[in-house]
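Here the structure comes first, spelled out in structure tokens, and everything after it is commentary.
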Amino acid sequence: MQNYQVRNWGAAALLVGVFVLVLFGCSREDEAEGVTAVPPTATAVPPTATVVPPTATVVPPTATVVPATRNEDEEEEATVRQLLSNADLFEYKIGKAGGALTFATISDPLTFNLAIANDASSGGVLGYLFEGLTEVSWLTDEVEPALAESWTHSDDGLTWTFNIRRDVKWHDGQPFTAHDVEFTFNKIIYNDEIPASSRPAFTFRYLEDGEWTQGIMTVTALDDYTVLCELPVSFAPFLRSMGTAIYPKHILEPYVDDGTFAETWDISTDPAEIIGTGPFTIGLYAPAERVVMKRNPNYWLKDDEGNALPYLDEVIHIIVPDLETELIKFRAGETDVHGVLGEEYATLEPLQEEENFTIHKRGPNFGTTFLVFNMNSGSDTETGEPYVDAVKLHWFSNKQFRQAAAHSMDKDMIIEDVQHGLGYPQWSSISPSAGDFHNPDVRKYPYDIETANQILDGLGWKDTDGDGIREDDKGNKIEFSLVTNTGNSVRDRASQIIQEGLTKIGIQANYEAIEFGDLVGQLTTTYDWEAVVIGLTGGTEPHGGINIWHSSESLHLWNPNQEEPATDWEAEIDNLYIIGSQELDRAKRVEHYHRTQAIAAENLPLIYTTLSERLSAVRNIFGNTTPTLYGIWDTRYLYRTDR
């Protein structure tokens with residue numbers, strides 16, 4: 001039996017560790033990444049889609065900016081070394097109480113029910129309210145205690161015993177106990193009647209008598225402060241996954257029992273009714289205007305002198321219509337932190353001293369942006385109508401068609417024209433920032449119109465009437481809709497570049513931008529879409545992507561909820577994700593996930609665009625900050641130095 005306990009809570013990250021990927025509508029991907037101080041939540045919201053965290057021990061710009069004389073690889077290596085050094089040298093200081101952190105975001109939350117949220121906008125708000133048994137350090141990316149103060153496990157890793165903190169209360173004053181943990185897993189996450197977004201992380205698949213089967217873990221409250229978890233198989237990222245949010249039994253159990261949980265805590269709910277254990281509550285939500293988080297005066301965490309945390313009184317999300325307005329608010333001094341777009345860097349960089357902020361460079365972001373085609377062969381259960389027209393399904397399901405589309409995507413133009421040189425072409429499903437889990441040797445599709453045309457010609461899909469649009473082998477014009485979300489000028493321009501590339505190879509993509517909430521609904525509920533440019537959050541643990549990559553999952557965007565894998569390559573990825581999660585030898589895990597990336601790059605269910613440089617502009621008015629590979633601060637310890 002092995003045991004683990006950490007007493008230095010000062011090194012803890014913040015809030016719930018997000019363990020599955022979610023859709024995000026902003027294009028400041030670092031905002032959807034954990035740079036914000038609010039680590040993702042158990043719903044699928046890895047680093048949250050809100051903003052970029054500030055830094056305030058006033059780290060000079062030179063702390064992470066690499067001299068321009070170095071080549072690109074040397075710059076990346078030097079940046080990584082500096083960020084690791086920042087984390088190693090960092091020590092928390094005793095802060096001052098009061099004040100607020102303010103930032104702007106283009107997305108309203110879509111729900112207050114974190115358990116069923118699939119979007120980073122909701123998680124970016126609710127991550128302040130809910131916590132898990134564990135959390136992940138923004139300094140080291142290591143798992144640390146949160147609502148559980150310690151744990152032990154059996155030698156085979158199948159039995160885990162968590163000792164629950166005794167000083168935690170829900171926002172309404174009721175004590176937090178092991179029974180809340182048991183309720184969360186047994187009544188919410190494992191409830192087939194509830195579309196819990198964290199269920200994929202806790203569904204264990206394994207071979208039994210030569211057949212793949214699946215099981216769940218047994219979660220039992222042994223007493224008020226002890227939880228026993230029994231797993232059916234080994235699970236490498238188990239402790240990280242236990243950062244999933246825990247919910248109040250005394251409030252939510254009646255709604256679970258009467259079958260109304262999925263309608264509970266919707267966006268019209270009085271924010272005062274949303275009860276968690278986290279450092280903040282929702283004090284105000286004014287749609288399309290702002291969300292104001294208020295300090296929880298009874299939060300359990302204290303600093304080294306016994307002062308109650310968090311130090312800040314408020315965290316304010318100003319909701320703006322577009323990315324341009326985000327910059328205007330920052331330049332006007334109305335916000336404290338800003339995710340810098342490539343096109344903004346040249347303007348903002350020389351203003352750092354004059355306007356009292358620091359820009360931090362932190363390498364490629366974890367979140368991804370991609371083009372995806374709808375390959376869903378199902379039909380609407382009410383109307384009987386297919387989700388995708390049979391003619392278009394024929395195109396989208398053709399691997400060579402997708403490969404031709406990939407060759408028509410001018411990633412260099414996206415980097416130069418949209419990101420102003422501050423970006424990286426993305427070929428693999430896992431970001432280089434994830435370290436050894438990233439496979440740099442996957443198949444690549446350089447921009448090559450001639451090759452793309454040759455591929456389509458080889459299919460017999462040619463422009464037979466000279467109007468510039470190809471017809472398929474049955475004479476149908478190759479024309480479809482291409483959609484992304486509004487308010488996002490970066491994604492809008494990237495989508496236009498994608499459209500232009502498709503036009504050059506004789507494919508007509510009719511481009512339109514729609515509201516983010518409507519787009520999420522099409523992708524996850526109605527399945528009424530053809531081609532979409534969208535983004536997903538990301539992180540350092542590849543298993544967080546199982547809700548995207550396993551064919552049975554609801555965010556397997558191109559063809560979700562499959563009873564059996566539709567293709568051999570999807571079946572292989574399914575198996576590799578399962579094996580990779582159970583393998584405890586890291587080198588072997590790396591091999592498995594490298595293989596999944598190679599298969600994805602060959603078959604292109606998602607055609608990736610580019611990864612932006614993580615650039616964060618932060619007012620020099622905050623203490624307990626430093627840029628690291630994984631974040632810039634823990635909001636609980638953040639304090640203002642200008643008070």
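All residue numbers refer to positions in the sequence shown, counting from 1. Because the structure is predicted, anything quoted here is derived from the model rather than measured.
For E515, the CD atom counts as loosely surrounded, since its 6.0 Å shell holds 12 or fewer non-hydrogen atoms of other residues, nucleotides or ligands. Counting heavy-atom neighbours within 6.0 Å of Y206 OH, excluding the residue itself, gives a total above 12.
Taking the six-membered ring wherever Trp is involved, the centroid distance between the rings of W170 and F176 falls below 6.0 Å. Between Y247 and F183, the distance from one ring center to the other does not fall under 6.0 angstrom.
Between V227 and W151, every side-chain heavy-atom pair lies at or beyond the 4.5 Å cut-off. The side-chain heavy atoms of R589 and F437, taken from C-beta on, include a pair separated by under 4.5 Å.
Between the side chain of S431 and the backbone N or O of N365 there is at least one donor-acceptor pair closer than 3.5 Å.
In this structure, H250 and D172 approach most closely via the heavy-atom pair NE2-OD2, 2.7 Å. Scanning both residues, P310 and T635, for their nearest heavy atoms gives CB-O, 4.3 Å.
Comment: R295 does not engage E314 in a salt bridge, judged by the lack of any side-chain N to carboxylate O separation of less than 4.0 angstrom. With respect to the salt-bridge test (charged N to carboxylate O, under 4.0 angstrom), the residues D224 and R166 do not qualify.
By the salt bridge (charged side-chain N to carboxylate O under 4.0 Å, His left out) test, D223 pairs with no residue at all, sequence neighbours left out.
Checking each of F235, F238, Y577 against F204 for a ring-ring contact (aromatic ring centres under 6.0 Å, His included) leaves exactly one that passes, namely F235. With V292 as reference, I316 is the one residue of I282, I316, V315, T102 to meet the side-chain contact (heavy atoms from CB on, under 4.5 Å) rule.
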**Request:** Begin with the C-alpha distance, continue with both residues' side-chain angles, and end with the deciding distance and a verdict on side-chain contact (heavy atoms from CB on, under 4.5 Å) for T540 and R240.
**Result:** CA-CA 11 Å; T540 58; R240 188 175 294 260; 3.5 Å; yes
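Of the N and O atoms on the side chains of Y527 and N561, at least one donor lies less than 3.5 Å from an acceptor on the other residue.
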